[in-house]
Q: 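Below is the structure I would like to discuss, written out as structure tokens.
Both counts, for ligands and for their atoms, begin at 1 and track the order of listing.
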Amino acid sequence: MTKITRVWLGVVVALAVSVSGGLFAQAGDPQRAVDDAYQKFRNLKEGKNADYIPALAKVDPNLYGIALVTVDGKVITAGDVKTEVSIQSISKVFTMAQVVQEQGLEAIEKRIGVDATGARFNSIIAVEGVRTVVGTGAPEMNPLVNPGAISATSMVRGSSADEVWNKIIGIHNDFAGRSLSVLQDVYKSEADTNQRNQAIGALMLAYGYIKDNWQQAVDLYTRQCSIGVNAQDLATMAATLAFGGTNPVTKKQVMDPSKVPGVLAVMATAGLYDDSGKWLYHTGLPAKSGVGGGIIAVSRSLQEIIVAILFVAMFGFGPFAGAVTLAFATIGFLSKLLAEDIEDIDPAQAEAIRATGASWLQWLSYGIQPQVMARLIGLSLYRLDINFRESAVLGIVGAGGIGDTLNTAFARYEYDIAAAVLLIIIGIVTVAEYSSGLIRARVQ
Ligand code: GLN
């Protein structure tokens, strides 16, 4: 192969990778999902500011923003994602991360425990409830409820309070990908009023969870809760967990990938305290809330290409694996998006048709179908468009289509043919993208 051919091939491969990467990212249209979620909850006025920490009562309750950071480092936002609020209990996740990074997952399990307490975040009854097992080698607390969290803070190693603090703020900075600072008014306000947490700290020392200096642990815990973050910081922190411990924006590895599942596990069991079950029932996502107003959730979805690899392993190379992958993805996609539409059907319209004495079929075609038809056509076209692009790419892992020809060409060292096939893939994808864009614009 000549040098020129090799350079040319390199450029084509780079192009193909970036085009397909971009198209994959586009496949689920995350911006639209974030905008939809934003609109859906925009007018929700439930709940109220936490006021047991006086500074929190003063925070503007209308602050509202959603940020999504993907594992390929894209930042998608809606609303106010720049105003800082105090991180509060969400910090428990990252201080725990520091402890497991430093001392291993077993350290938390042995000293604090990883069970759900089923109690409120600052419950003292929960401490008493598990008291009998303290010292028997099987603690049943959790690093995401106050008693366990204050104990976890006490476990961060350091010969002075400053050294411990630098590690705590350091790991928060690394997860967020920027230098964070403490909101001093919140810190002062909580430090003046945190007698309950002090009592918990003293109890945890008495029961052996904290080894010494519970006052320092409570103070540092209060400081970590007062770190200022905005929605984008929180999303980046969550995305770092989703990306196996590497910050997808800065690309810095913050924790070992093997230690991340332990953190996600306690988020699932106790991230929302006594409501963790309810939250998990509805969302299926490990999450963590904070009384400062923030909440994070971590989702690790399977890309189609991974699903295709699994199906290739099950059914062997060829178009069948590709077809099953696309069918699988299409059913999931359409049922999820149409389910929302079905929920929004106006029963009055359907009732009006029924009241005319219409048959079941007429009721369906005049009362129901017109309400979901536009969306059904729109979504089907949109999915067809995604499938078209993906079928070009799925072949690369052996799931049929033109990608198989590409594989064979590579296997036979026929780089000129491979380059031509890559060009054809880019061509097909670009034409499909352009034409379905035109059709969609017309339908809308
Ligand atoms: N700093 C708060 C406290 O300990 C955190 C509570 C929370 O966010 N749930 O009271």
Q: Tyr64 vs Tyr38 aromatic rings, parallel, tilted or perpendicular, using cut-offs 30° and 60°?
A: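 Rings of Tyr64 and Tyr38: parallel, under 30°.
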Q: How about Lys188: does its NZ atom have over 12 heavy atoms from other parts shown lying under 6.0 Å from it?
A: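 No.
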Q: Mind telling me whether Phe315 and Phe320 have parallel, tilted or perpendicular rings, with 30° and 60° as the class edges?
A: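 Perpendicular, since the angle between the ring planes exceeds 60°.
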Q: Taking the basic N atoms (NZ, or NE/NH1/NH2) and the acidic carboxylate oxygens, is any pair closer than 4.0 Å for Arg32 and Asp35?
A: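 Salt bridge: no.
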Q: For Leu44, does the CG atom sit with more than 12 other heavy atoms under 6.0 Å from it, leaving out its own atoms?
A: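 Yes, CG of Leu44 has more than 12 neighbouring heavy atoms, counting only those of other groups under 6.0 Å.
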Q: Kindly write out the residues that satisfy side-chain contact (heavy atoms from CB on, under 4.5 Å) with Ile368, not counting sequence neighbours, or none if the list is empty.
A: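 Here the qualifying residues are Ile345, Ala350, Trp363, Leu364.
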Q: Distances under 3.5 Å, N/O of ligand 1 against N/O of the protein: list each pair and its distance.
A:
residue  : atom   : partner : partner atom : Å
ligand 1 : 1 (N)  : Gln88   : OE1          : 2.6
ligand 1 : 1 (N)  : Glu190  : OE1          : 3.1
ligand 1 : 1 (N)  : Glu190  : OE2          : 2.7
ligand 1 : 4 (O)  : Asn146  : ND2          : 2.9
ligand 1 : 4 (O)  : Asn197  : ND2          : 2.9
ligand 1 : 4 (O)  : Tyr221  : OH           : 2.7
ligand 1 : 8 (O)  : Ser89   : N            : 3.1
ligand 1 : 8 (O)  : Ser89   : OG           : 2.7
ligand 1 : 8 (O)  : Val291  : N            : 2.8
ligand 1 : 9 (N)  : Ser89   : OG           : 2.8
ligand 1 : 9 (N)  : Tyr273  : OH           : 3.1
ligand 1 : 10 (O) : Tyr52   : OH           : 2.5

